[in-house]
Amino acid sequence: MALTFSVPGDPVPQPRPRVSTRGGFARAYVPKTHAVHDYRQAVAAAARAAGAGVHGEPVRVVIDLVWQRPKSHLRKSGVKPDAPAIPRPDVDNAAKAVLDALNGVAWEDDSQVERLVVEKSYGQEARTTVRIS
């Protein structure tokens with residue numbers, strides 16, 4: 001099985017959960033209005049459209065995360081010399097959002113991922129490309 005799909009737009013990393021107490025018990029949550037929820041739905045929808053199906057075998061995953069370079073990094077002559085070479089979000093948080101989105105879509109649980117390669121960069125068009133094998 002080999003599956004490749006892309007999601008247009010800037011990748012959204014999984015945020016740190018907020019913690020509150022209710023009835024003396026702590027609970028961790030991500031606010032409903034956070035952009036990660038829409039991003040995870042888009043990743044799951046793209047995987048389904050590409051033909052992903054749930055199975056219990058180990059998988060290898062390659063995630064290519066591309067952010068559009070902000071205009072503040074550019075000059076007429078090109079990229080400013082002091083502009084960052086790679087995007088700021090942590091690679092592990094960005095990968096977590098993708099892997100969690102594919103639970104129940106491309107595999108039963110992301111513990112089935114035996115090899116994970118994550119690359120992040122700036123590009124002309126923002127996107128997330130996922131290859132599962």
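Hydrogens, waters and symmetry mates play no part in the numbers below; they use all other heavy atoms, side chains included.
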task: Measure the spacing between CG of N103 and CD of Q112 and express it to the nearest 0.5 Å.
output: 8.5 Å

query: Linking I/L/V/M/F/W/Y whenever their side-chain heavy atoms sit closer than 4.5 Å, directly or via other members, would I63 and Y122 fall into one cluster?
result: yes

- line: Closest non-hydrogen contact found for G104 with V54 is O-CG2, 3.1 Å

- request: Verify, without hydrogens or angle tests, whether K120 (side chain) and P89 (backbone) share a donor-acceptor contact under 3.5 angstrom.
  value: yes

query: Tell me, do D10 and Y39 make a side-chain contact under 4.5 Å, heavy atoms counted?
result: no

- request: Would you check if W67 and T128 make a side-chain contact, meaning some heavy-atom pair closer than 4.5 Å?
  value: no

message: Just so I know, are the side chains of T129 and F5 near enough to count as touching, which here means a heavy-atom distance under 4.5 Å?
response: no

field: Contact summary for H55 and A106, nearest pair of heavy atoms
entry: NE2-O, 3.6 Å

- request: Locate the shortest heavy-atom distance separating A85 from R69; write the atom from each residue and the value.
  value: O-NH2, 4.1 Å

field: Summary of salt bridge (Lys or Arg N to Asp or Glu O under 4.0 Å) pairs that have at least one residue in residues 41-68, sequence neighbours excluded
entry: R60-E114, D64-R127

message: Quick check against the 3.5 Å criterion: does D110 have a side-chain atom that pairs as donor or acceptor with the backbone of L102?
response: no

field: Nearest heavy atoms of A46 and S6, plus distance in Å
entry: CB-O, 3.9 Å

field: Short side-chain to backbone donor-acceptor contact, D90 and D92, under 3.5 Å
entry: no

- prompt: Atom CG of L65 and atom CD1 of I86: how far apart are they, to the nearest 0.5 Å?
  reply: 11.5 Å

message: Could you walk me through whether V113 and L99 satisfy the side chain to side chain contact (heavy atoms under 4.5 Å, CB included) test, starting with their C-alpha distance in whole Å, then the side-chain angles of each, then the deciding distance to 0.1 Å, before giving a yes or no?
response: CA-CA 9 Å; V113 177; L99 295 176; 4.2 Å; yes

field: Side chain proximity check, R22 to R27, heavy atoms < 4.5 angstrom
entry: yes

query: Looking at side-chain heavy atoms only, is the closest gap between E125 and P8 below 4.5 Å?
result: no

field: V98 side chain reached by V61 side chain, heavy atoms, under 4.5 Å
entry: no

query: Among the clusters formed by ILVMFWY side chains lying less than 4.5 Å apart, do V62 and L3 turn up in the same one?
result: no

query: Same cluster or not: are V130 and V117 linked, directly or through other Ile, Leu, Val, Met, Phe, Trp or Tyr residues, by side-chain heavy atoms under 4.5 angstrom apart?
result: no

message: Using a 4.5 Å cut-off between side-chain heavy atoms of Ile, Leu, Val, Met, Phe, Trp and Tyr, which other residues end up in the same hydrophobic cluster as Y29?
response: none

message: Are V30 and V12 connected into the same hydrophobic cluster when the rule is that any two of I, L, V, M, F, W, Y join if their side-chain heavy atoms are below 4.5 Å apart?
response: yes

field: Where A101 and R40 come nearest, the two heavy atoms and their spacing
entry: CB-O, 3.4 Å

field: Single-linkage hydrophobic cluster V43~V66, side-chain heavy atoms < 4.5 angstrom
entry: no

- prompt: Would a 4.5 Å heavy-atom cut-off, applied to side chains only, mark R75 and K80 as touching?
  reply: yes

